[in-house]
Amino acid sequence: MSGSAPGDGAERRHEADWFARPVRSIARPWRDELARRLTAVAALGRDERDVLLEAGHTALTRSLHAKLSRLLLIELHALRLTAGGGRVGTSHGSGDSPGAASGSPSATVSTTAPGAESAAASGAESASDTATWAAFVEQACEDGYVDRLAERYPTLGARIAAVARLSVAATASFAERLAADRELLRPLLGAPAGELRAVVFGAGDSHRGGLTVSRVDCAAGSIMYKPRPSGTDVALGALLDELFTDFPDAPAPDRRIRVPRTLARDGYGWAEFIRHRYCADDAELAAFYRNVGHWLAVLRFTGGTDMHAENMIAAGPVPVIVDGETLFDAPAPFPPSGQGDAVDVAAAAIRRTVLRTGLLPVRGTGFALAGVDISGVGALLGQQPLIPNPVIADGGTAAARFEVDLVAMPTAGNHPSPTPVLSAYWDRILAGFREMTAHLHRPGTDPQRLLRRFEGARARRILRPTQAYVDIGRMLWHPASLHDEAAAVERARDILRRNAEVLPGAPTDRAAIDAEIADLLVGDVPMFGFTVDPAAVRATVEDWRTADLALEESVIQDALVGAYLNERSLPERVQAAARDPHARDRERRRRGLAAQMVRRLCDGAVRGEDGTVTWISPVFTPAGWSIRVLPADLYTGQGGVALTLAEYVREVRAGRADPVPGVAETFEGALRVLVGTEDRTATPSPGAFSGAASQVWTWLALHRVLGDDWLLERAAARAQLLAPRGRLVEDDVEVDLLNGAAGAVVPLLNLAAATGQDRWLGAAAHIGRRLEGLATIEGSGARWTTRLNPEGIGGFAHGATGIGWALTRLALSGAGTAADRRGWTRLAERAFAYQESLYRPEDGNWLDVRVGAEEDFFTSWCHGSAGVGIGMLDLHRRTGDPVHLDMARRAARACAAEGFGWSHTLCHGDLGLWEFLTSPDFGSASDVDFGRASDLDGEILTGLEQRGPVGGLAREAFSPSLMSGLSGVLHTLLRMHHGVTLPNPLLLD
């Protein structure tokens with residue numbers, strides 16, 4: 001939230017405060033109407049009517065304020081322009097119009113209004129500005145103000161009246177229901193309800209005519225009012241009662257999963273109020289997460305979905321689902337992706353798993369909630385990105401305007417402890433899922449009989465993301481839309497139609513879309529309901545019977561990483577070095593482990609009937625970690641896996657690896673998916689590991705491994721994405737090697753060398769000049785602000801060392817002018833100076849200055865000394881500069897001092913260390929004592945034999961990826977042969 005009150009320059013107020021007086025004035029007739037309606041409810045006492053009057057009026061004014069703030073700002077500036085000689089009549093067209101949403105199928109609408117609103121930003125705060133604000137507020141409080149706006153906003157009065165009428169009706173209906181049901185509430189409260197003390201309307205979205213879930217405080221305690229059918233909640237509670245009657249090792253009745261006790265009435269219900277409390281000790285925490293596993297199994301059985309953080313309350317060791325209406329979900333089939341049958345099979349499999357319950361961590365991808373995790377067991381504090389929130393800046397002055405502030409996600413009551421450590425209890429979730437699933441599958445169980453109790457109940461189906469409705473609703477209340485409602489409605493129709501094209505199951509027919517728009521025009525979020533019938537029960541049972549339980553368990557295990565924003569923020573892992581490592585019988589062991597790894601890779605694949613092949617895995621995306629079908633990239637994607645399979649095929653042909661049936665076919669199928677994915681999905685960044693440059697490098701590497709000319713042609717075709725003034729390069733905010741434009745330099749140089757085409761040198765030079773313009777140069781050296789690390793950091797993959805390495809490689813090429821190359825060399829030296837400013841001699845390592853981490857020093861390739869050393873050795877080989885060799889030697893000593901035993905990954909584990917410490921570029925550097933290469937081989941071989949491949953994320957999670965998973969293990973085992981010259985992704989070689 002932002003905005004300054006007049007005179008103090010520091011006060012920050014919520015937007016709802018600024019226009020409170022005018023909005024209350026506009027709503028006053030409806031307050032009077034509500035008072036009349038409440039007087040007619042004879043069973044209410046006078047004080048109770050007063051409570052309801054204030055609660056209803058507060059809910060209405062908050063709703064109207066959110067809808068009218070932009071209009072009032074526009075009119076404020078119209079008054080200001082009039083006072084300064086401007087024209088009032090043009091003000092209605094300024095701001096973000098309905099057309100602002102035209103480019104987004106997900107209906108994301110800008111909340112920042114340009115034009116008259118943003119033009120006022122340059123106005124200085126003055127006494128005149130303050131007087132103009134005061135004059136406008138007085139004018140807007142006058143009777144008939146809305147009527148006087150009718151010429152500019154023809155539908156405004158009717159729209160306000162529709163919202164207010166529904167709000168009054170909803171409050172009056174609540175009053176009547178409370179009066180009629182008061183005596184029935186005793187079982188939920190444990191005593192007679194007594195007098196109404198308080199009520200808060202709006203505990204959730206508004207549906208079906210201004211109806212919202214509400215908290216009700218009576219003399220005897222609190223209950224929840226649910227203005228929707230509650231039959232599913234009652235049936236779900238009864239199902240749990242039956243399941244636990246003969247459950248093996250059943251928790252005590254007060255420690256098992258449950259739903260609130262519910263009184264179902266005709267079309268609405270009353271529910272027990274669940275108070276959040278943290279677990280008292282480790283035993284309660286273990287019980288809580290076992291119970292989460294039980295919920296996953298029950299929700300998978302009942303087709304449950306949308307059980308996000310606000311729908312689950314942690315009541316000590318019991319996770320209570322407080323909204324059980326979204327059951328019997330039937331995922332709509334998606335049209336063929338064009339990427340291959342394997343991709344479609346894998347995507348359909350993911351949509352069927354427990355991920356759809358909403359309990360497991362998953363990151364949002366839409367504009368407003370990009371990277372946000374709202375899951376029942378996720379949504380961890382400190383692991384959420386800031387989200388855009390529209391606020392009024394400079395309120396109280398004529399310079400007031402809308403701005404988008406970045407704010408923290410609000411917390412919910414879903415956590416069992418102040419700082420949950422999911423990794424410590426993930427096994428309990430998996431155990432709970434297994435035991436409840438086994439109980440449901442026990443001999444003699446009739447699943448259709450268990451679910452028949454739901455027949456006749458009304459359930460809800462989520463057909464579009466709520467955020468899409470919120471964004472379209474905001475657009476429909478913008479002044480431009482109120483000025484020309486017909487055009488705004490047509491724009492909303494178009495957005496909803498296009499949204500349905502990418503979201504199967506969403507309404508497509510005109511009547512259904514118009515019904516959605518009608519809801520949005522009065523401030524409601526559209527709601528889709530259906531009656532559970534025998535067909536729904538049969539379909540849900542069949543979906544459950546045919547579930548791939550191995551995949552379900554893998555998803556539960558892998559989902560842990562989605563709760564964390566990046567590798568560094570994951571819970572601390574323990575170093576476990578190999579016991580008595582040795583390199584005896586080295587070649588037999590290397591070949592045997594390589595064959596074992598490639599079998600695991602092939603066995604874990606999803607295969608299509610057309611021969612295509614892909615994988616399901618935790619994938620790093622710009623929004624964070626997410627379980628999905630592999631994208632096209634090198635880091636966790638299809639490209640890295642396909643390259644590794646190609647390497648194995650080549651090594652078998654060369655006699656350096658053992659034949660394994662099916663590898664060649666798996667590679668061919670994976671390659672087809674890689675082509676289809678690149679051709680049909682957007683490339684997210686220019687980076688060398690996640691974006692377009694990763695694709696260029698992958699095809700160049702495949703050409704080096706296999707030699708086919710079409711592979712080189714494919715590399716050149718993908719490089720078109722990196723052309724100067726292209727979107728990926730010009731819009732890049734990542735900058736670094738892994739995700740950003742710096743990562744494109746070396747692949748483009750490689751492409752120029754492979755093709756003999758100088759235009760790729762020109763593209764690389766353009767990026768070099770852009771890096772110069774983005775550098776922050778100060779006394780300590782040069783660093784770069786990036787999206788992930790806005791403060792600028794050191795290190796290879798994301799920091800100054802990697803960018804400096806790319807600039808040096810550029811300066812050593814034929815790209816640019818002589819002056820360009822001198823400038824790139826100087827800037828690279830400044831980048832290395834910044835890295836050196838982080839060196840701590842007493843610790844023998846470079847400080848990792850990323851925000852939010854507990855450890856200060858790393859030895860990984862991505863953020864630590866291994867990456868520094870690998871880059872410096874490469875530059876020493878090319879330049880002979882002793883400064884680079886000195887840095888590499890110090891890096892080697894840091895890596896050797898910490899040793900092995902973290903994870904088997906190239907990016908942040910033992911394999912990156914092995915790649916560095918076995919480099920022949922050290923030559924005869926006798927002062928670098930970290931053992932013979934064969935000893936280091938023994939560390940890797942013995943570690944893999946004793947622990948199996950250990951990933952850098954959740955240790956047991958299956959990841960086929962090159963940089964953080966199984967393909968990286970296989971790639972290293974192949975490179976371990978002394979006669980091998982395979983590509984090296986750590987240097988983009």
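All of these numbers come straight from a predicted model, not from anything done at the bench.
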**OP:** Let me see the working for I74 and L71 under side-chain contact (heavy atoms from CB on, under 4.5 Å), right down to the final yes or no.
**Re:** CA-CA 5 Å; I74 290 287; L71 182 144; 5.6 Å; no
**OP:** Give the intermediate values and the outcome of side chain to side chain donor-acceptor pair (under 3.5 Å) for residues H65 and S69.
**Re:** CA-CA 6 Å; H65 196 289; S69 291; 3.0 Å; yes
**OP:** I would like to know whether Y145 and E75 meet side chain to side chain donor-acceptor pair (under 3.5 Å); could you show each step before the answer?
**Re:** CA-CA 11 Å; Y145 175 73; E75 292 304 309; 4.5 Å; no
Subject >> Pair Y268-D181, side-chain contact (heavy atoms from CB on, under 4.5 Å): steps then yes or no >> reply: CA-CA 11 Å; Y268 67 99; D181 296 344; 2.5 Å; yes
**OP:** Would you please test L178 and L185 for side-chain contact (heavy atoms from CB on, under 4.5 Å) and show each step?
**Re:** CA-CA 9 Å; L178 176 65; L185 301 178; 4.1 Å; yes
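One distance of note links CG of L520 with OH of Y469; it measures 7.5 Å at 0.5 Å rounding. For the atom pair CZ of R197 and CG of D47, the computed distance is 10.0 Å after rounding to the nearest 0.5 Å. Taking OG from S222 and CG from L189, the interatomic distance works out to 8.0 Å, rounded to the nearest 0.5 Å. Taking CG of D514 as the reference point, atom CG of D519 lies at 11.5 Å (rounded to 0.5 Å). From D50, atom CG reaches atom CG of L38 across 9.0 Å, with rounding to the nearest 0.5 Å. Taking CZ of R770 as the reference point, atom CD of E730 lies at 5.5 Å (rounded to 0.5 Å).
Across L196 and A198, no two heavy atoms sit closer than the pair CD1-O, 3.5 Å. In terms of heavy atoms, A512 sits closest to P507 at CB-CB, 3.7 Å. The two residues L381 and P418 come nearest to each other via the heavy atoms CD1-O, 4.0 Å. Contact detail for A400 and I392: the closest heavy-atom pair is CB-CG2, 4.2 Å. Closest of all the heavy-atom pairs between N789 and T786 is N-OG1, 2.9 Å. For the residue pair N414 and A309, the shortest heavy atom distance occurs at CB-O, 3.5 Å.
Remark: R177 fails to qualify as a cation-pi partner of Y225 under the 6.0 Å distance and 45° angle criteria applied to the six-membered ring. A cation-pi arrangement is absent between R70 and W477 under the rule of less than 6.0 angstrom and at most 45 degrees off the ring axis.
Using modelled atom types, no side-chain atom of T155 and backbone atom of A158 make a donor-acceptor pair closer than 3.5 Å. The backbone N or O of P790 lies less than 3.5 Å from a partner atom in the side chain of T785, making a donor-acceptor pair. A distance-only check finds a donor-acceptor pair linking the side chain of S25 to the backbone of C141 [under 3.5 Å]. The closest donor-acceptor contact from the side chain of H308 to the backbone of G376 lies at 3.5 Å or more, if one exists at all. A donor-acceptor pair is defined here as one N or O able to donate and one able to accept, closer than 3.5 Å; no such pair exists between the side chain of H415 and the backbone of I313. Proximity of a side-chain donor or acceptor of D373 to a complementary backbone N or O of S375 within less than 3.5 Å is detected. Counting only distance, with no hydrogens or angles, the side chain of R37 and the backbone of V168 share no donor-acceptor pair below 3.5 Å. Using modelled atom types, no side-chain atom of S63 and backbone atom of A59 make a donor-acceptor pair closer than 3.5 Å. At distances below 3.5 Å, at least one donor-acceptor pair connects side-chain atoms of T61 with backbone N or O atoms of H57. Of the possible donor and acceptor atoms, one in the side chain of R783 sits under 3.5 Å from a partner among the backbone N and O of E791.
For the pair E142 and R148, the salt-bridge criterion is met [side-chain N within less than 4.0 Å of a carboxylate O]. Looking at D217 and R215, a side-chain N of the basic residue comes within less than 4.0 Å of a carboxylate O on the acidic one, giving a salt bridge. Using a 4.0 Å cut-off between a side-chain N of Lys or Arg and a carboxylate O of Asp or Glu, R228 and D323 qualify as a salt bridge. Taking 4.0 Å as the cut-off between side-chain N and carboxylate O, R49 and E54 do not count as a salt-bridged pair. Salt bridge present: D129 and R80 bring a charged side-chain N and a carboxylate O closer than 4.0 Å. A salt bridge links E48 with R182: at least one charged nitrogen is closer than 4.0 Å to a carboxylate oxygen. A salt bridge is defined here as a Lys NZ or Arg NE, NH1 or NH2 lying under 4.0 Å from an Asp or Glu carboxylate O, and E325 with K226 fails to meet this definition. R28 and D32 are not joined by a salt bridge, as no carboxylate oxygen comes within less than 4.0 angstrom of a charged side-chain nitrogen. Taking the charged nitrogens against the carboxylate oxygens, E33 and R165 have no contact shorter than 4.0 Å, which rules out a salt bridge. The pair R401-E403 counts as a salt bridge, with a side-chain nitrogen and a carboxylate oxygen less than 4.0 angstrom apart.
Aromatic pair F174/F201: centroids less than 6.0 angstrom apart. When ring centroids are compared, F136 and W18 stay outside the 6.0 Å threshold.
Between L68 and F19, the closest side-chain pair of non-hydrogen atoms is not below 4.5 Å.
Considering R464, R510, R493 as possible partners of E516, the one that fulfils the salt bridge (charged side-chain N to carboxylate O under 4.0 Å, His left out) test is R464.
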